[in-house]
Amino acid sequence: MNPFIELGIRHDIVNAISELGFEKPTPIQEQAVPVLLTGSNDFVGLAQTGTGKTAAFGLPLLELLDFSQKHPQALILCPTRELCLQIAKDIEKFAKNTPNVHVVAVYGGASISDQLRQIRRGVQIVVATPGRMLDIIGRNAIDFSGVKYVVLDEADEMLNMGFQEDINNILSTTPEEKKTWLFSATMPAEVRRIAKNYMTDPFELTVGTKNSGNANIEHHYYVIRARDKYAAFKRIVDSSPEIFGIVFCRTKIETQEIAEALIKDGYNADALHGDLSQQQRDKVMKRYRDRSLQLLIATDVAARGIDVNDVTHVINFSLPDEIENYTHRSGRTARAGKTGVSISLVNLKELGKIRQIEKVIGKSFVKMEVPKGADVVGKQLFALINKVQQVAVNDDHIDPYLPQIMDSFAELSKEEIIKRFTSLEFNRFLEYYQHAPDLNVDASESRENRGDRKGRSERFGRDGYKSDYTRLFINLGSVDNFTRGDMLGYICNNTRISGKAIGKIDLKGVYTFFEVENTSVDKVFSGFQQVDFNGRSVRVENAGDSHGEKRSGGKSYRNSGNGGGEGRKRRDHNGGGGFRDFSSKRREKSRW
Ligand code: ADP
Ligand code: MG
């Protein structure tokens, strides 16, 4: 007999999931389904991503709800719109042969009227991100008084994203006696607290994964604009002074370009790719092994089988085309029982790929913030101090010089000497990071992307939906007697763009940073061509291009004009799409 039938699932549903390739239940399904089918418990399920949680709650819901009725009976809350769509689609697939099942996906960033229409037509299962859900509740457009089950999917992630209060508000519109099922990959104190607040004596289930990858690897990701990628990458490297890393790129050209840019910028780096002769490759590898290189920039193929111990970081400068390669890449670190970090640099559109990778590797990624200029400076400073403490002093060699050295410092106090020696090294970073902008994608933008209501009203309050902004630099500031209002007027007059297209204006002494809608950037550049201010020619530049992100002397990567792939024009050339072969179910199934 089909094992799902034994669990208590109806034939029409079992037939549908067989077509999806579900032959036998995953561990969490096996253990959760019988409990949930009773419909009489609150429930907490802890399992890594990719363990089949959607079916673990989706299948019981299909058994428990009354589909002859057309009012909402189950509400599934989840953190992102991608997940929301995924869950809704999955449940529809499970219900392929089951008549009258209506599922609606409610998430931000898409037309609300379509969603309202679907709700009006009658739905039993609502899958929603918290922001848009509250929006709809606020319009009195949905009646949750008949809800029997609430599912909190990826509860840890929802709390990470600050949805606690929204969830409280949503749940307060559902009946007291409903059952709550909470799913999470981890059980931090906040999740435990929610479980306590919302549930009575929940049934708790923890399921370990068989295939959790190397437990010694931490997976981090940074969300940045494509055009800031190289600058962000350098900050990450600079804030890990002891880094010994492999940097993965997707193409030979990208590999070569990044390596060249890094070398120009003063790093010990080199490229490893298929266009090199065997001899050249051996030479690069020898230098890396000997640690005369700190960063090895490589393609997937060239790096296959690299067995260097003590690699501290794997950096995915570009995510691999195929998910499997992520595992190969990250496996270059944390070898021989050591620990390591695998870092991915992604833009907002690539967040879905991170989620897909999480499923395959069965581990959660941690979202990291790109270090601020001051953080990097601090890290470097303390690395320097550490070096001073550790340095091996060769008395025999230095002794002959000592009297003269001591003599020349005789006038300086100990504090003064320390300050000067430290500054020697420190000034370089200080100068470099002095005007370094924040490279993290604005939190309000990412909330918007996840369908959150607040994020949008703050950022898009003035006239509804707006596209992304670009931060520009202009060589006029408060010393030229500008106020922010003056600056706004001045920009509008010269460029003939509307004030609405201009975002934050950050007025400094001799210059100003200001944000402009991407679609108006070109107008700003052309508007300020050959404009003079008190005899001085006015200069406008992309703020990311040349301010604060260039090591002295080096030409910046983005300015090199050879199509590095991160310039403004080519931005997001790979954004959006998923992995090439993710549709392949075979790969997924092989995990159990
Ligand atoms: P989670 O929510 O735990 O991260 P999902 O429910 O999204 O995991 O499932 C991950 C993948 O595994 C999906 O592609 C899903 O279709 C597949 N899957 C789930 N259950 C089974 C099963 N019993 N047999 C085969 N594949 C399954
Ligand atoms: Mg899930």
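Whatever order the structure lists ligands and atoms in, that order sets their numbers, starting from 1. Worth saying up front: this structure is predicted, and the values here are computed from it rather than measured.
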Give the atoms of ligand 1, by number and element, whose distance to some non-hydrogen atom of Thr51 is under 4.0 Å.
1 (P), 3 (O), 8 (O)
Can the positive tip of Lys179 be found less than 6.0 Å from the middle of the six-membered ring of Phe43, inside 45° of the ring normal?
no
Please list, in number order, the atoms of ligand 1 under 4.0 Å from a heavy atom of Thr54.
2 (O), 5 (P), 6 (O), 7 (O)
Has ligand 1 got any nitrogen or oxygen that is less than 3.5 angstrom from a nitrogen or oxygen of Glu23?
no
Thr26: numbered ligand 1 atoms lying under 4.0 Å from its heavy atoms:
20 (N), 21 (C), 22 (C), 23 (N)
Side chains of Asn216 and Thr339: donor-acceptor distance under 3.5 Å anywhere?
no
With distance as the sole test, does Asp42 use its side chain to make a donor-acceptor pair with the main-chain N or O of Thr200 at under 3.5 Å?
yes
Say whether Pro25, considering both its backbone and side-chain N or O atoms, lies within less than 3.5 Å of an N or O atom on ligand 1.
no
Is a side-chain N or O of Arg250 found less than 3.5 angstrom from the main chain of Leu319, in a donor-acceptor match?
yes
Asp375 and Lys379 ion-paired at < 4.0 Å
no
Distance-only, no hydrogens or angles: does the Glu63 side chain make a donor-acceptor pair with backbone N or O of Leu37 under 3.5 Å?
no
Please check whether Lys53 reaches ligand 1 - meaning an N/O of the residue sits under 3.5 Å from an N/O of the ligand, judged on distance alone.
yes
Can you list the atoms of ligand 1 that are under 4.0 Å from a heavy atom of Phe4?
23 (N)
Distance under 4.0 Å to a non-hydrogen atom of Lys24: what atoms of ligand 1 satisfy this?
22 (C), 23 (N), 24 (N)
Ligand 1 contact on Gln86 by region, counting heavy-atom pairs under 4.0 Å
neither
Ligand 1 atoms nearer than 4.0 angstrom to some heavy atom of Gly21 are 25 (C)
Have a look at ligand 1 and work out which part of Gln29, if any, has a heavy atom under 4.0 Å from it: side chain, backbone, both or neither.
side chain
Scan Leu182, Val126, Thr174, Ile76 and name whichever one has a side-chain contact (heavy atoms from CB on, under 4.5 Å) with Val150.
Thr174
Mind checking whether Phe365 and Tyr326 have ring centres under 6.0 Å apart?
yes
For ligand 1, does Phe57 get within less than 4.0 Å through its side chain, its backbone, both, or neither, judged by non-hydrogen atoms?
neither
